[in-house]
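Have a look at the structure below before the remarks.
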Amino acid sequence: MSNEWLREAGFETLAIREGLTPGFEQEHSDPIYATSSFVFESAEQAAATFSGERDGNTYSRFSNPTVFVFEKRLAALEGGQEGVATSSGMAAILTLCLTLLRAGDHVICSRNVFGSTVGLFNNILTKLDISVTFVALRELDDWRQAVTPNTKLFFCETPSNPLCEVGNIREIANIAHDLGALLAVDNCFCIPALQRPLSLGADVVMHSATKYLDGQGRVLGGALVGSEELMAEARGFVRVCGPSMSPFNAWIFSKGLETLQLRMDVHSQRAQALAEWLETHPDVKKVSIIAV
Ligand SMILES: Cc1ncc(COP(=O)(O)O)c(C=O)c1O
């Protein structure tokens, strides 16, 4: 069955249909390919598949059809060319950094990012001679002033966890691009039902799928979405270094994507109702969000 008609589809249809190609059983929900590796009709066919001369799966650290469905579906929802799934959100950030950076490079990162992200930049990447400067997310001059001749990557989390600080992705992307650097955005809190960083100029979107993409607290996972070229490099890193997503987790996340818009609509309505109720509460002085 051709999925060409999906090119015209809206978010909620893509969230259910993208990546699914019913097999022999005409299943309506994605099957789980719980397999470490794949079999071949002959040694010649195996050799051709492993060498890349022939399309096909060889080993689930390299590729897996269930993981592929999640990657394709998330990429469509983020408006990116391709996605690469990882075993956790932190594995996605590590993959991003080790794909794009080398010894001597410099990163500028917004200060209010998830704690383990700070740990990765400060304690792990520094061992590889990759340095980082933390700046205030909303102070654009701080981003400009932190630039060095070796700055390769701008990284921000917006809204940030846990303070929900919101930055201007378009402005930060402009500063990065004027320099020839890339901007990566951790979109864990807003997810593509509410914010699509690529459409605002970011080069890569990063997810802790563990949060809203699953939405029910069952499994860990992460993902990157971006251009074909960048994702090919990221996929190369995952293949060799091994922070791959398990097929079971990918299946859970693909199912999570199916209800993403509905869940985020309800989260947003309830957050609004709670904020309005708090505003009227005699013990509450002020209700505000930190916005641009
Ligand atoms: C904003 C943000 N980024 C990254 C991560 C790391 O994701 P994971 O726990 O899936 O490794 C988290 C986890 O809470 C997070 O909140």
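The basis for the numbers below is simple: all heavy atoms, side chains too, and nothing from hydrogens, waters or symmetry mates. Order of listing sets the numbers, starting from 1, for every ligand and every atom in it.
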Would Lys286 and Glu279 pass as an ion pair if we require N to O under 4.0 Å? no
Please determine if Arg144 and Asp141 form a salt bridge, counting it only when a charged side-chain N lies under 4.0 Å from a carboxylate O. yes
Could you tell me the residue and atom name of the protein heavy atom closest to [atom], and the distance to it rounded to 0.1 Å?
| atom | value |
| --- | --- |
| atom 16 (O) of ligand 1 | Asn161 ND2, 2.7 Å |
| atom 10 (O) of ligand 1 | Thr210 OG1, 2.6 Å |
| atom 7 (O) of ligand 1 | Ser208 OG, 3.0 Å |
| atom 9 (O) of ligand 1 | Lys211 NZ, 3.8 Å |
| atom 5 (C) of ligand 1 | Phe114 CD2, 3.4 Å |

Among Thr21, Leu20, Leu14, whose side-chain contact (heavy atoms from CB on, under 4.5 Å) with Arg17 holds? Leu20
Would you mind running through ligand 1 and noting each atom that sits below 4.0 Å from a heavy atom of [X]?
| X | result |
| --- | --- |
| Gly89 | 7 (O), 8 (P), 10 (O), 11 (O) |
| Asp186 | 1 (C), 2 (C), 3 (N), 4 (C) |
| Met90 | 6 (C), 7 (O), 8 (P), 11 (O) |
| Glu157 | 1 (C) |
| Gly221 | 10 (O) |

Specify whether Trp143 and Phe154 have parallel, tilted or perpendicular ring planes, treating 30° as the upper limit for parallel and 60° as the lower limit for perpendicular. parallel
Work out whether the distance between some heavy atom of Ala209 and some atom of ligand 1 is less than 4.0 Å. no
Taking the ring centre of each residue, are His207 and Tyr212 less than 6.0 Å apart? no
Are Phe50 and Tyr59 close enough that their ring centres sit under 6.0 Å apart? no
Quick one: OG1 on Thr151 to NE2 on His106, what's the gap to the nearest 0.5 Å? 5.0 Å
According to a hydrophobic-cluster definition based on side-chain heavy atoms being under 4.5 Å apart (Ile, Leu, Val, Met, Phe, Trp, Tyr only), do Phe68 and Tyr33 belong together? no
Looking only at distance, does Thr117 have an N or O less than 3.5 Å from an N or O of ligand 1? no
